[in-house]
Novice: 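The structure that follows is given in the form of structure tokens.
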Amino acid sequence: RRIPYVGDDPRRKWQAVRDEDGKWKYLVKCDECAAVKRIDETETDHIVPCGSVRSFAEMATWAERNLCESDGLRVLCKDCHDKRRDEAKP
């Protein structure tokens, strides 16, 4: 039985379903490929990459990007997140 999210936040794209044992599990739609995955098969992605900290001078920029509002985040499946992370590496 599927229960789609119907709340006020359009960015939440999960469904609660009961598995064969009657336990609840959550399914999430990837914002990149639109695949529906279990929540443990997804990762949160910063739309604007945080980058890395190579010096103390870069710390403030990294922290500002890392601590963004929820509209700066999206849900990706692990495959899409790995691909995006690999593309962002120098």
Side-chain angles (χ1 to χ4, degrees):
R1 192 180 94 172
R2 294 183 178 199
I3 302 172
Y5 179 77
V6 292
D8 298 332
D9 186 355
R11 294 201 43 87
R12 292 186 74 177
K13 299 174 183 177
W14 56 267
Q15 295 177 329
V17 295
R18 289 191 186 264
D19 64 14
E20 56 276 354
D21 296 327
K23 295 180 182 177
W24 286 105
K25 65 179 181 178
Y26 297 94
L27 302 176
V28 181
K29 184 176 180 181
C30 175
D31 285 333
E32 188 72 24
C33 70
V36 177
K37 301 281 188 167
R38 289 190 329 258
I39 199 164
D40 63 333
E41 298 174 330
T42 62
E43 298 189 9
T44 303
D45 179 57
H46 288 82
I47 295 170
V48 176
C50 296
S52 59
V53 179
R54 295 184 192 102
S55 69
F56 186 75
E58 295 175 344
M59 182 69 79
T61 302
W62 176 84
E64 184 178 322
R65 289 182 180 168
N66 198 31
L67 302 172
C68 64
E69 297 292 328
S70 63
D71 60 352
L73 302 172
R74 62 185 180 163
V75 176
L76 297 181
C77 66
K78 288 187 180 183
D79 292 336
C80 288
H81 189 261
D82 290 347
K83 181 179 175 184
R84 178 166 158 81
R85 185 185 63 230
D86 291 345
E87 290 172 353
K89 288 183 181 177

Novice: To check you understand the geometry: which heavy-atom pair defines the closest contact between C77 and C30, and what is its length?
Specialist: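 The pair with the smallest heavy-atom distance is N-SG, 3.3 Å.
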Novice: Minimum heavy-atom separation for L76 and E32, please, with both atom names.
Specialist: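 Smallest interatomic distance, heavy atoms only, reads CD2-CB, 3.5 Å.
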Novice: For D21, which residues count as a salt bridge (Lys or Arg N to Asp or Glu O under 4.0 Å) partner, sequence neighbours excluded?
Specialist: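 Here no residue qualifies.
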Novice: Looking at residues at least two apart in the chain, or sitting in another chain, which of them share a salt bridge (Lys or Arg N to Asp or Glu O under 4.0 Å) with E58?
Specialist: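 Here no residue qualifies.
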Novice: Is any side-chain N of the basic residue among R85 and D82 closer than 4.0 Å to the acidic one's carboxylate O?
Specialist: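 Salt bridge: yes.
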Novice: Output all residues satisfying side-chain contact (heavy atoms from CB on, under 4.5 Å) with A63, sequence neighbours left out; order by chain, then residue number.
Specialist: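 Here no residue qualifies.
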Novice: Taking side chain as C-beta onward, heavy atoms only, is K37 less than 4.5 Å from V28?
Specialist: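 Heavy-atom side-chain distance check fails, nothing below 4.5 Å.
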Novice: Mind checking salt bridge (Lys or Arg N to Asp or Glu O under 4.0 Å) for D79 and listing every partner two or more places apart, or none if nothing turns up?
Specialist: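 With neighbours one apart ignored, the set is empty.
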Novice: Can you list everything that forms a side-chain contact (heavy atoms from CB on, under 4.5 Å) with N66? Sequence neighbours excluded, please.
Specialist: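 Partners of N66 under the side-chain contact (heavy atoms from CB on, under 4.5 Å) test: H46, C50, W62.
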Novice: Among all residues two or more places apart in sequence or in another chain, which pass the side-chain contact (heavy atoms from CB on, under 4.5 Å) test with E64?
Specialist: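 Scan of E64 (side-chain contact (heavy atoms from CB on, under 4.5 Å), adjacent residues dropped) gives none.
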Novice: Just jot down the salt bridge (Lys or Arg N to Asp or Glu O under 4.0 Å) partners of R84, sequence neighbours excluded, or say none.
Specialist: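 If we apply the salt bridge (Lys or Arg N to Asp or Glu O under 4.0 Å) test to R84, skipping adjacent residues, the hits are D45.
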